Amino acid sequence: MTVLVLDNPELIANAAIAAGFTTANFEAGTRRPHRMKFHYGFNKHALASDDVAFLRQHASYLRNHPAISVRIHGHSDNFGSEDYNRFLSRLRANAVARFLMQEGVAESRIFMSHWGSARPLATPEDRAANRRVELEYLTMDVARAL
């Protein structure tokens with residue numbers, strides 16, 4: 001096997017440009033953030049400080065792509081009554097929606113679903129994994145159909 005090592009930055013940059021990469025590809029908000037799930041502690045609905053930076057990336061992406069909307073799916077674990085779990089999942093989805101709106105995303109581009117414990121990510125006994133919010137990006141055609 002032969003390995004070619006390039007240590008010429010100009011040659012590497014020219015090859016990247018020829019392949020279609022530009023600095024615009026790497027500017028903040030132009031690439032969709034990879035993290036789409038945010039987990040919560042037991043009986044919590046406030047955003048964790050660790051999640052704020054990731055949600056800012058989502059807000060920036062949405063501001064830079066006005067044809068894309070987001071659906072926020074709120075979930076809870078199966079501890080307690082299903083009515084309370086739906087309420088808690090709604091609070092979680094609302095917290096994320098409020099944050100995105102504060103960051104400049106139009107309310108008309110945000111859709112919400114709150115599932116309570118009806119759609120577990122893991123087994124029902126793995127409660128920590130099921131207490132979450134998930135983001136789903138939608139094109140405007142899909143959003144209008146909702």
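Keep in mind that what you see is a predicted model, and the values were worked out from it rather than measured.
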Across all chains, not counting sequence neighbours, the side chain to side chain contact (heavy atoms under 4.5 Å, CB included) partners of K37 are H39, L121, E134

Backbone N or O of [Y] within a donor-acceptor pair of the [X] side chain at under 3.5 Å?
X	Y	result
R71	L138	no
R86	S117	no
N85	D77	yes
N130	A122	yes
S89	G116	yes

*Return the orientation label for the H73 and W115 ring planes: parallel under 30°, perpendicular over 60°, tilted otherwise.*
parallel

Practice problem: Can you establish whether the number of heavy atoms outside F99 located under 6.0 Å from its atom CZ is more than 12? | Solution: yes

- request: Can you establish whether the number of heavy atoms outside Y137 located under 6.0 Å from its atom OH is more than 12?
  value: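 Yes, because the 6.0 Å sphere around OH of Y137 holds more than 12 heavy atoms from other groups.
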
In short, A97 meets M112 closest at the heavy-atom pair CB-SD, 3.8 Å

| said: The test is side chain to side chain contact (heavy atoms under 4.5 Å, CB included); show your working for D50 and F38 and say whether it passes. | reply: CA-CA 10 Å; D50 298 345; F38 301 90; over 6 Å; no

Quick one: which residue pairs count as a salt bridge (charged side-chain N to carboxylate O under 4.0 Å, His left out) with a foot in residues 90-107, not counting sequence neighbours?
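Every salt bridge (charged side-chain N to carboxylate O under 4.0 Å, His left out) pair that includes a residue of residues 90-107, provided the two are not neighbours, is R56-E103.
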
Verdict with supporting geometry, N78 and R127, side chain to side chain contact (heavy atoms under 4.5 Å, CB included):
CA-CA 7 Å; N78 64 349; R127 292 187 170 109; 3.0 Å; yes

Q) How far apart are the C-alpha atoms of H75 and Y40, what are their side-chain angles, what is the distance that settles it, and do they pass the side chain to side chain donor-acceptor pair (under 3.5 Å) test? A) CA-CA 10 Å; H75 300 273; Y40 291 82; over 6 Å; no

NZ or CZ of R32 within 45° of Y61 ring axis and under 6.0 Å:
no

Worked verdict on V105 versus H58 for side chain to side chain contact (heavy atoms under 4.5 Å, CB included)
CA-CA 10 Å; V105 179; H58 284 283; over 6 Å; no

